[in-house]
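Below you'll find the structure, written out as structure tokens, and then a few comments.
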Protein chains: 2
Amino acid sequence: MDSLNNDAIDRRPLHSEVAERLRSLIVEGELAPGDRLNERVLAERFNISRTPLREAIKILALEGLVRLLPNRGAEVTRLTRSNVEDMFQVVGALEALAGELACKRASDDDIAEIRRLHNEMLARFEASDRAAYFTLNQRIHAKIVDCAGNAELSAIYRNLAQRLHRARYMANFSKSRWSHAMEEHEEILDAIANRDSARLNSILKSHLQNKFDVIKNWLDKSATGPSSEDSVDADDSQDRKTAFI
Amino acid sequence: MDSLNNDAIDRRPLHSEVAERLRSLIVEGELAPGDRLNERVLAERFNISRTPLREAIKILALEGLVRLLPNRGAEVTRLTRSNVEDMFQVVGALEALAGELACKRASDDDIAEIRRLHNEMLARFEASDRAAYFTLNQRIHAKIVDCAGNAELSAIYRNLAQRLHRARYMANFSKSRWSHAMEEHEEILDAIANRDSARLNSILKSHLQNKFDVIKNWLDKSATGPSSEDSVDADDSQDRKTAFI
DNA sequence: AGTCTGTATCTTGCATGCAATATTAAATAT
DNA sequence: ATATTTAATATTGCATGCAAGATACAGACT
């Protein structure tokens, strides 16, 4: 009956909407790593009660964006060097699988869409619009992963990409690295358009490695001078000694 | 001060405890795929209020064990053929990465531990104790993944393994397949003990493929006669036509 | 001064209550 | 008999309230 009902007013559950708002606050950096999430403050800010807010926080915790502190609420997760490295490793494995599948399964429309995104990104690059470039970059990678036609893969990838996003745009890259990244993207587009999975995977791999190198540099740089604040002893899973952002 | 404090009373938050209880109800099959989660009933069963229960349900939703139905609560996710296939594909990519890293990073103690688990599993195999075999099997695979020393990888793997667990033990395998699986495990142990990552990855890959074949068979078998129950039209992401368990 | 202890305040964790929505059943119409 | 409306019942979504736990601070003590 309603198989194609587009008029539906989507009364999304509140917790899901709140989760999204919180997510962007974190990803865009307004809520910085280490910040505590005060339920009263946030509930007032969003003008909702604490119940849906708490549900949203649980969601973000499982996504890895916040960390639950029993009886003390939650804080935005800090990114550590090893943490980021771990995520990059997993992303690498996932992109490899995605590249393989995408070359087989991508439709011509899919590839046209990637090309469209690519050209738009090129325009942003030429306009030196870092923010817009960034968004398009993410969308291209996500689109390639989606072309693999594996919903699980897409979901996991998206989550990791989001968590890395925070690190990535804090670590500002040089113009020369930027040009190089743009060249890599030319190759990526070319490889997938030709459904050359071997080449796609090889370029995806080095592209990722280069991204990681930039972030690694930045992490190490921000690390010099780590004695900034509280030197509380914390034999936590998230140990302070190597937490940067 | 408390760097090795084992006396700590772990007052885990209720929602987390509830999530765990619910998780095993689902994984062990007491809550079957498609079952609705009635908040009142479950809250009474666990003797808690609905608030922490709802928080737990949100957690399971993100883990992929239940599906949120706006304004209608939640239901245990059904496993579809394509869904299971997707998960297996991702698991394959993750195990490949894990095998690579584990061969490099596993300590001798780690390998001894794997051997211990393996021998215990062999004993269970010889005693035809399917349930115990199953548990040990999972623990071995998890241990190998943990040897990779990548926390993100471990977490993602664990989640997928858990979701597949439901399918795997419903699909009862033949004795001959079982023997073969046991042989494969001999090879896995051997490969990792020799830190032969090429061989480990190759055997892990075919081992996984064989597992999938068994489940695929079973899924297809349970599929013949899909007109079992409600034929409600659902142009949902989780379409009923191919939902088996 | 620095540490310890007790008190006041704030925050979280959970339970309960109420309104909105969905589900079921009954009643009516076709 | 089947389909459609209407009423009753049950269930969810969210807000609020209260008690237990955490934080901050002041005063006592070494």
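Every chain is numbered from 1, with letters handed out A, B, ... down the list of sequences.
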Tell me, please, which residues at least two apart from [X] pass side chain to side chain contact (heavy atoms under 4.5 Å, CB included).
X      : answer
B/I156 : A/V90, A/I156, A/L160, B/L94, B/L160
A/E63  : A/R23, A/I59, A/L60, A/L65, A/N159, A/Q162, B/L62
B/E100 : B/S197, B/N201
A/R21  : A/F46

Let me know the distance between CD of B/E75 and P of C/dA22, rounded to the nearest Å.
-> 16 Å

When the side chains of residues 141-153 of chain A are checked against the rest of the protein, which donor-acceptor pairs come out under 3.5 Å, sequence neighbours left out?
{"from": "A/H141", "atom 1": "ND1", "to": "A/E95", "atom 2": "OE2", "distance (Å)": "3.4"}
{"from": "A/H141", "atom 1": "NE2", "to": "A/N137", "atom 2": "OD1", "distance (Å)": "3.3"}
{"from": "A/H141", "atom 1": "NE2", "to": "A/H185", "atom 2": "NE2", "distance (Å)": "3.3"}
{"from": "A/H141", "atom 1": "NE2", "to": "A/H207", "atom 2": "NE2", "distance (Å)": "3.3"}
{"from": "A/H141", "atom 1": "NE2", "to": "A/K211", "atom 2": "NZ", "distance (Å)": "3.3"}
{"from": "A/K143", "atom 1": "NZ", "to": "A/D110", "atom 2": "OD1", "distance (Å)": "3.1"}
{"from": "A/D146", "atom 1": "OD1", "to": "A/S154", "atom 2": "OG", "distance (Å)": "2.7"}
{"from": "A/D146", "atom 1": "OD1", "to": "A/R158", "atom 2": "NH2", "distance (Å)": "3.0"}
{"from": "A/D146", "atom 1": "OD2", "to": "A/R158", "atom 2": "NH2", "distance (Å)": "2.5"}
{"from": "A/N150", "atom 1": "OD1", "to": "A/E152", "atom 2": "N", "distance (Å)": "3.1"}
{"from": "A/N150", "atom 1": "OD1", "to": "A/L153", "atom 2": "N", "distance (Å)": "3.0"}
{"from": "A/N150", "atom 1": "ND2", "to": "B/D86", "atom 2": "O", "distance (Å)": "3.2"}
{"from": "A/N150", "atom 1": "ND2", "to": "B/Q89", "atom 2": "OE1", "distance (Å)": "2.8"}
{"from": "A/E152", "atom 1": "OE1", "to": "B/R163", "atom 2": "NH1", "distance (Å)": "3.2"}
{"from": "A/E152", "atom 1": "OE1", "to": "B/R163", "atom 2": "NH2", "distance (Å)": "3.2"}
{"from": "A/E152", "atom 1": "OE2", "to": "B/R163", "atom 2": "NH2", "distance (Å)": "2.7"}

In B/S/- notation (B base, S sugar-phosphate only, - none; protein heavy atoms under 4.0 Å), nucleotides 6-17 of chain C written 5' to 3' is -----SBBSBBB

